[in-house]
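The structure appears below as structure tokens.
Atom set for the values below is all heavy atoms of this structure, side chains included, hydrogens, waters and symmetry mates excluded. First the proteins, then the strands, lettered A, B, ... as listed; each starts at 1.
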Number of protein chains: 2
Amino acid sequence: MPLALAATRARDAIEEDELDRIFHALADRTRRALLRRLSGGPARVSDLAAPFAMSLNAVSKHIKVLEQAGLVARDVEGRVHTCTLAADRLRHIEHWLDYYRRFWGDTLEALADYVEGER
Amino acid sequence: MPLALAATRARDAIEEDELDRIFHALADRTRRALLRRLSGGPARVSDLAAPFAMSLNAVSKHIKVLEQAGLVARDVEGRVHTCTLAADRLRHIEHWLDYYRRFWGDTLEALADYVEGER
DNA sequence: GAAATATTCAACTATATAGTTGAATATTTC
DNA sequence: GAAATATTCAACTATATAGTTGAATATTTC
């Protein structure tokens with residue numbers, strides 16, 4: 001196998017791994033709720049856990065899943081871990097979706113409206 | 001609890017269920033490959049399975065996962081099951097992503113370019 | 001109607017996941 | 001330095017998932 005092709009294959013495999021991790025991280029409503037909460041600003045692990053009817057430990061694990069998918073960043077200061085939304089990583093999904101946009105009818109106009117509105 | 005609020009809660013729960021199913025369906029590279037393949041046009045179960053190094057049975061199950069997420073539609077004619085991409089359902093993800101667009105820097109221009117290009 | 005074809009069903013295995021509880025670690029406060 | 005606080009680690013349970021093989025079902029072809 002030519003080197004260039006091998007390199008492409010390797011890159012594709014990494015990309016697939018990333019999509020696996022990101023989609024999997026988002027496939028759980030607790031984790032989606034954590035992201036939503038973080039969209040309002042950084043928060044400590046225990047603050048993130050407070051609203052949920054599950055142990056701090058369980059939430060800590062969910063945060064780790066988000067972190068490994070690159071969707072959450074963690075800043076450790078002393079004993080406090082502060083989590084931040086890393087929304088950039090969602091671009092991978094956006095990019096994956098791009099390909100399929102042309103298969104779901106005419107959303108293009110709505111999209112254009114959205115873009116115009118934001119400008 | 002007022003009736004209107006109860007109705008909203010129920011709707012939200014269904015929506016979360018749907019996102020769970022859709023994100024989960026996409027969190028597997030085999031299933032993403034199946035969708036990609038179907039984006040080229042409808043195909044029979046055995047045709048879909050052919051390229052994979054796994055049993056027909058395994059692929060049949062993957063198709064069922066996609067079907068239950070609403071991402072694939074099935075048309076049965078005699079013994080042949082023909083699968084079609086149901087990309088509409090991806091709008092749920094698009095919609096979920098919409099909220100986060102403003103958190104990843106300035107893709108808006110790129111998006112605008114994309115929309116202009118397609119028009 | 002017997003043989004071939006397309007697909008699912010059933011039963012099973014191995015591994016991953018989401019959750020638990022209790023102990024450990026590290027830091028801060030008194 | 002003892003107590004309180006923030007978080008993770010370890011060990012465990014229950015359930016879901018991705019895969020397998022072999023049999024069953026339903027349809028089509030000869």
Show me the pairs that pass ring pair (Phe, Tyr, Trp, His ring centres under 6.0 Å) and involve residues 28-73 of chain A, at least two apart or across chains.
none

Hphob cluster co-occupancy, B/L26 + A/L19, side-chain heavy atoms under 4.5 angstrom
yes

Please identify each residue that fulfils side chain to side chain contact (heavy atoms under 4.5 Å, CB included) with A/S39, with sequence neighbours left out.
A/R36, A/L85, B/Y99, B/Y100, B/F103

Residue pairs passing the ring pair (Phe, Tyr, Trp, His ring centres under 6.0 Å) test where at least one lies in residues 12-40 of chain B, sequence neighbours excluded
B/F23-B/W96

To the nearest 0.5 Å, atom CD1 of B/I93 lies from atom CD1 of B/I22 at 6.0 Å

Helical stems, DNA chain C - three or more consecutive Watson-Crick or G-U wobble pairs below 3.5 Å
C:1-30 with D:1-30

Partners of B/R44 by salt bridge (Lys or Arg N to Asp or Glu O under 4.0 Å), sequence neighbours excluded?
B/D47

By salt bridge (Lys or Arg N to Asp or Glu O under 4.0 Å), which residues pair with A/D20, not counting sequence neighbours?
B/R29, B/R32

Does anyone know the first and last nucleotide of DNA chain D in reach of chain B, 5' to 3', at under 4.0 angstrom to a heavy atom?
D/dT17 to D/dT28

Can you name the residues that form a salt bridge (Lys or Arg N to Asp or Glu O under 4.0 Å) with B/R74, not counting sequence neighbours?
B/E67

Any salt bridge linking B/R21 with B/E16? Criterion: basic side-chain nitrogen under 4.0 Å from a carboxylate oxygen.
no

What residues form a side chain to side chain contact (heavy atoms under 4.5 Å, CB included) with B/A49, not counting sequence neighbours?
B/L56, B/V59

Scan residues 23-44 of chain B against DNA chain D and write down, sorted by residue number, each residue with any heavy atom closer than 4.0 Å; if none is found, say none.
B/H24, B/D28, B/R31

Provide the closest heavy-atom pair for A/C83 versus A/L38 in the form atom of the first, atom of the second, distance.
O-CD2, 3.4 Å

With sequence neighbours excluded, what pairs up with A/E15 under the salt bridge (Lys or Arg N to Asp or Glu O under 4.0 Å) test?
none

Could you identify which residues of residues 52-83 of chain A place a heavy atom less than 4.0 Å from some atom of DNA chain D, listed by residue number, or say none?
A/L56, A/N57, A/S60, A/K61, A/K64, A/R74, A/R79, A/V80, A/H81

